[in-house]
Participant: 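Structure provided below as structure tokens; questions to follow.
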Amino acid sequence: MNMKNTLFTPYNMNGISLENRFLMAPMTRSRASQPGDVPNQLMAEYYGQRASAGLIISEATQVSMQGMGYAKTPGIYTQEQIEGWKLVTDEVHKKGSKIFLQLWHVGRVSSSKVNGLQPIAPSSKIAKETTVYIFDGAPNGDATFVPVEEPREMTQEDINQVIEEFRVGAKNAIEAGFDGVEIHGANGYLIDQFLRSNSNERTDNYGGSKENRVRILTEITEAVAKEVGTEKTGVRLSPFISFKDMNDPEILETIQIAAKDLERIGVTYIHLCEADWDDAPEIPNDFRVQLRSNFSKTIIATGNKTPEQANDLLGKNLVDLVGFGRKFLTNPDYPKRVELNATMNEISDNHTLFGGGTARGYTDYPFLEVN
């Protein structure tokens with residue numbers, strides 16, 4: 001299949017014109033400035049280097065201090081953070097790309113060692129065998145992983161507060177110059193915790209039935225879409241990922257119910273975060289076909305896809321955009337390297353993935369030299 005007819009094809013996403021179908025997937029890198037978890041010029045350089053993507057989705061960005069789960073991740077709830085993100089959006093737009101901000105609340109995946117607060121969650125169930133990281137002055141600058149703590153079950157007031165935090169975060173993101181926002185409902189974080197029967201043991205309107213477990217996602221999405229517009233609102237889901245103690249036999253049916261709600265609301269895309277390890281489960285085509293029948297707008301797939309796999313999904317009309325993470329991390333000019341079938345940079349040092357603030361392993365990966 002000719003890649004120029006698929007990955008390199010321009011795409012219109014509900015009024016947002018994209019140069020190509022390459023999407024840079026969200027990746028936590030922990031380079032925000034302290035104090036205040038503020039985006040900075042180094043982050044602007046990093047995103048600007050990768051602006052050959054048709055669309056960039058930013059790293060996960062907490063909507064409040066309570067929503068923070070890892071050290072030195074950026075926020076979107078203070079004016080200083082808004083001003084810091086403007087450095088990033090200005091640079092990406094100057095290079096000709098589009099960028100959405102990923103709105104994030106970690107729920108129970110946190111520790112008071114990160115933010116000084118007890119985690120909150122749909123139920124007071126700790127996530128077994130789950131850790132988060134801090135920077136505690138290790139000589140080599142490495143992150144130190146610590147176990148998550150038992151969360152406090154959320155009250156209705158807590159739920160209302162979180163919905164408001166997502167709405168305000170979306171408003172702030174548009175003020176910061178983003179082209180839209182992505183609601184992070186995946187990977188074992190707060191919204192995903194509500195979606196799953198094993199982490200949500202509530203007996204009120206937010207628990208019990210699948211329809212009730214979808215409720216907080218629906219209410220957050222409605223609040224965000226009302227604030228910034230449906231054309232600027234996307235949602236990330238991860239039906240086939242169960243790490244962070246999230247194995248739920250009902251999740252596939254729940255996701256399809258959620259997709260119908262997102263179709264009714266009219267969000268611009270659903271982003272499927274798919275398992276990206278070597279022996280990860282394959283996503284069955286019948287799930288993709290059913291999702292396509294339930295949701296008519298843009299569908300995005302990410303998860304260590306090769307260009308060939310991306311082209312296959314695009315050619316079968318099962319997805320509309322394909323995201324790449326690790327390859328964009330190490331290859332700022334990834335689309336050009338794919339086009340030329342060029343050699344790819346590999347991760348130089350795993351210790352720099354969550355680098356605590358330095359350029360090493362972040363903005364120092366070389367571009368392709370083209371004669």
Side-chain angles (χ1 to χ4, degrees), residues 3 6-8 20-31 42-43 45-61 70 72-74 88 92 97 99-100 102 104 131 133 142-143 145 182 184 186-189 236-238 240-241 243-244 271-283 300-314 319 321-356 358-368:
M3 290 181 189
T6 49
L7 279 169
F8 288 94
N20 57 57
R21 296 186 187 226
F22 281 88
L23 179 141
M24 178 176 156
M27 293 176 287
T28 294
R29 306 302 309 279
S30 289
R31 260 70 176 191
L42 180 65
M43 292 169 60
E45 179 184 356
Y46 168 78
Y47 283 106
Q49 286 178 340
R50 289 153 180 80
S52 58
L55 174 66
I56 295 171
I57 301 176
S58 83
E59 63 208 272
T61 302
Y70 304 85
K72 296 189 179 180
T73 54
V88 174
V92 169
S97 190
I99 182 167
F100 274 42
Q102 189 182 74
W104 188 34
T131 59
Y133 59 79
D142 269 7
F145 286 82
E182 176 177 283
H184 197 343
N187 292 2
Y189 297 119
R236 191 185 208 198
L237 301 169
S238 57
F240 292 90
I241 293 180
F243 59 79
K244 301 189 184 80
H271 171 186
L272 291 179
C273 178
E274 302 175 8
D276 61 358
W277 46 89
D278 289 341
D279 60 348
E282 288 288 326
I283 310 301
I300 298 169
T302 59
N304 206 25
K305 301 282 186 290
T306 65
E308 292 74 22
Q309 289 170 326
N311 279 326
D312 182 60
L313 290 171
L314 291 166
V319 305
L321 296 171
V322 179
F324 301 89
R326 289 180 180 85
K327 294 301 183 183
F328 260 117
L329 185 156
T330 55
N331 299 279
D333 52 357
Y334 180 61
K336 175 60 69 175
R337 289 176 185 260
V338 171
E339 184 177 24
L340 299 178
N341 196 27
T343 302
M344 299 287 173
N345 301 318
E346 300 298 330
I347 294 174
S348 57
D349 183 355
N350 284 326
H351 295 285
T352 66
L353 293 177
F354 312 113
T358 68
R360 189 168 68 90
Y362 188 58
T363 55
D364 58 353
Y365 283 101
F367 283 76
L368 188 66

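None of the values given here were measured: they were computed from a predicted structure. For the single chain, residues carry numbers from 1 onward in sequence order. We use all heavy atoms of the structure for the numbers below, so side chains are in, but hydrogens, waters and symmetry mates are not.
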Participant: Just how far is it from atom CG of Asp333 to atom CG of Leu340, taken to the nearest 0.5 Å?
Facilitator: 9.0 Å
Participant: Between Arg326 and Asn304, is a side chain to side chain contact (heavy atoms under 4.5 Å, CB included) present by the stated rule, with each step listed?
Facilitator: CA-CA 7 Å; Arg326 289 180 180 85; Asn304 206 25; 4.1 Å; yes
Participant: Return the OG1 to CG distance between Thr363 and Leu42, rounded to the nearest 0.5 Å.
Facilitator: 5.0 Å
Participant: In Å, rounded to the nearest 0.5 Å, how long is the span from CG of Leu7 to CG of Leu314?
Facilitator: 5.5 Å
Participant: Does the Asp349 side chain pair with the main chain of Gly361, one donor and one acceptor, at a distance under 3.5 Å?
Facilitator: no
Participant: Please give me the minimum heavy-atom distance between Val88 and Tyr47, naming the atom from each residue.
Facilitator: CG1-CD1, 3.6 Å
Participant: Can you name the side chain to side chain contact (heavy atoms under 4.5 Å, CB included) partners of Ser238, sequence neighbours left out?
Facilitator: Ala186, Asn187, Asp192, Arg196, Ile241, Cys273
Participant: Check whether any side-chain heavy atom of Arg21 lies under 4.5 Å from a side-chain heavy atom of Val322, and answer yes or no.
Facilitator: no
Participant: How about Met43 and Pro74: do any of their side-chain heavy atoms sit closer than 4.5 Å?
Facilitator: yes
Participant: Would you kindly check if the NZ (Lys) or CZ (Arg) of Lys244 is within the cone defined by 45 degrees around the ring axis of Tyr189 and under 6.0 Å from the six-membered ring centre?
Facilitator: yes
Participant: With heavy-atom distances below 4.5 Å as the criterion, would you say the side chains of Thr73 and Glu59 are in contact?
Facilitator: no
Participant: Could you verify whether a donor N or O on one side chain and an acceptor N or O on the other, from Arg31 and Tyr46, lie under 3.5 Å apart?
Facilitator: no
Participant: Write down the atom of Tyr365, the atom of Ser348, and the distance for their closest heavy-atom approach.
Facilitator: OH-N, 3.1 Å
Participant: Might you point out which heavy atoms bring Pro332 and Pro366 nearest each other, and give the distance in Å?
Facilitator: CD-O, 4.0 Å
Participant: Of all residues at least two apart in sequence or in a different chain, which pass the salt bridge (Lys or Arg N to Asp or Glu O under 4.0 Å) check with Asp364?
Facilitator: none
Participant: If you take all heavy atoms of Gly323 and Thr302, which pair is closest and at what distance?
Facilitator: CA-CG2, 3.2 Å
Participant: Testing the basics here: between Leu321 and Asn20, what is the closest heavy-atom pair and its distance to 0.1 Å?
Facilitator: CD2-O, 4.3 Å
Participant: Can you find a pair of side-chain heavy atoms, one from Met24 and one from Tyr334, that are under 4.5 Å apart?
Facilitator: no
Participant: Give me the ring orientation class for Phe145 and Phe354: parallel if the planes are under 30° apart, tilted from 30 to 60°, perpendicular past 60°.
Facilitator: perpendicular
Participant: Counting C-beta onward and ignoring hydrogens, is there a side-chain heavy-atom pair between Arg236 and Pro26 closer than 4.5 Å?
Facilitator: yes
Participant: Nearest 0.5 Å please: distance from the NE2 atom of His184 over to the CD1 atom of Ile57.
Facilitator: 10.0 Å
Participant: Has the side chain of Ser58 got a donor or acceptor atom that lies under 3.5 Å from a matching backbone atom of Ile56?
Facilitator: no
Participant: Would you check if Asn331 and Phe324 make a side-chain contact, meaning some heavy-atom pair closer than 4.5 Å?
Facilitator: no
Participant: Under the criterion side chain to side chain contact (heavy atoms under 4.5 Å, CB included), I'd like the reasoning laid out for Val338 against Met344: C-alpha separation, chi angles, the key distance, then a yes or no.
Facilitator: CA-CA 9 Å; Val338 171; Met344 299 287 173; 4.0 Å; yes
Participant: Can you sort out the partners of Lys327 under side chain to side chain donor-acceptor pair (under 3.5 Å), two or more places apart, ordered by chain and number?
Facilitator: none
Participant: Does some side-chain heavy atom of Leu272 sit less than 4.5 Å from a side-chain heavy atom of Phe240?
Facilitator: no
Participant: When rounded to the nearest 0.5 angstrom, what distance separates CD in Glu182 from CZ in Phe100?
Facilitator: 9.0 Å
Participant: Which atom pair, heavy atoms only, marks the closest approach of Leu353 to Arg29?
Facilitator: O-NE, 3.0 Å
Participant: Between atom CZ of Arg50 and atom CZ of Phe22, what is the distance when rounded to the nearest 0.5 Å?
Facilitator: 15.0 Å
Participant: Check whether the side chains of Tyr362 and Gln49 place a donor and an acceptor atom closer than 3.5 Å, and report yes or no.
Facilitator: no
